[in-house]
Amino acid sequence: MLTQQTYIMLKPDALKRQLLGEIITRIEKKGYQIVQAKLIQLNAPLIAEHYAHLLDQTFYPKLETYLLSGPVFAMIVVGPDAIQGMRNMMGPTNVFEATPGTIRGDYATDVTYNLIHGSDSVENAAIEIERFFG
Ligand code: DAT
Ligand code: MG
């Protein structure tokens, strides 16, 4: 197991629904460290860069509107195998397949409003940490 850094972003519905503490508690109880964190308001160009792989999808405008709807809580999370470990804790993109015990499985009922982003590879974690924390 390698110690990894991953970019985690709690999306606007996590803040609106006051689930920040709940989600952060899960990350801390798992044993990961939050080494940097900040509340930020995303803008359209930053969203387009972050979700470049989805720009041509029919749901992209809805995703953009959602991510512009309020601040997000950006974090760098560190721990053994933290990239896949956080993905496991999040649950799959399709919330209907997310099992109880996962963040999306416990708190999300809609594919768009799925509370949390986590990097999906070592390469993307490095890119996303640079993008949001420089
Ligand atoms: P993930 O957030 O699990 O890494 P992703 O990177 O493929 O998933 O997609 C980014 C976000 O885009 C996802 O959290 C919600 C939205 N999204 C993805 N697939 C979708 C779909 N089929 N319908 C609606 N929104 C979708
Ligand atoms: Mg993704």
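For clarity, every value in this text was computed on a predicted model and none was experimentally measured. Each ligand, and each atom within it, is numbered from 1 in the order the structure gives.
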Return the closest protein heavy atom for [atom] as residue, atom name and distance.
atom: atom 1 (P) of ligand 1; answer: Thr93 OG1, 3.5 Å
atom: atom 23 (N) of ligand 1; answer: Phe59 CD2, 3.5 Å
atom: atom 4 (O) of ligand 1; answer: Arg87 NH1, 2.8 Å
atom: atom 9 (O) of ligand 1; answer: Leu54 CD1, 3.3 Å
atom: atom 13 (C) of ligand 1; answer: Asn114 ND2, 3.6 Å
atom: atom 6 (O) of ligand 1; answer: His53 NE2, 3.3 Å
atom: atom 2 (O) of ligand 1; answer: Arg104 NH2, 3.0 Å

Cation-pi check, Lys38 onto Phe73 ring (under 6.0 Å, within 45° of axis) | no
Would you mind telling me if ligand 1 is within reach of the side chain of His50, the backbone, both or neither, using heavy atoms under 4.0 Å?
-> neither
Should the proximity of Lys11 to ligand 1, defined as any heavy atom under 4.0 Å, be assigned to the side chain, the backbone, both, or neither?
->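 The answer is the side chain of Lys11.
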Answer yes or no: are there more than 12 heavy-atom neighbours, outside Gln57 itself, under 6.0 Å from its atom CD?
->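 Yes - once you tally the heavy atoms of other residues, nucleotides and ligands closer than 6.0 Å, there are more than 12.
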Find all atoms of ligand 1 within a distance of less than 4.0 Å from any non-hydrogen atom belonging to Val111, and give their numbers and elements.
-> 15 (C), 20 (C), 21 (C), 23 (N), 24 (C), 25 (N), 26 (C)
Nearest-0.5 Å distance that lies between atom OG in Ser69 and atom CD in Gln41 | 8.0 Å
Distance (rounded to the nearest 0.5 Å) between Ile129 CD1 and Gln36 CD =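 Atom-to-atom, Ile129:CD1 and Gln36:CD are 9.0 Å apart.
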Is Tyr7 reachable from Val78 through a run of hydrophobic residues whose side-chain heavy atoms are each under 4.5 Å from the next?
-> yes
Would a hydrophobic clustering, with Ile, Leu, Val, Met, Phe, Trp and Tyr connected at side-chain separations under 4.5 Å, put Val72 with Ile103?
->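 No.
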Mind checking whether Tyr51 and Tyr60 have ring centres under 6.0 Å apart?
->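 No.
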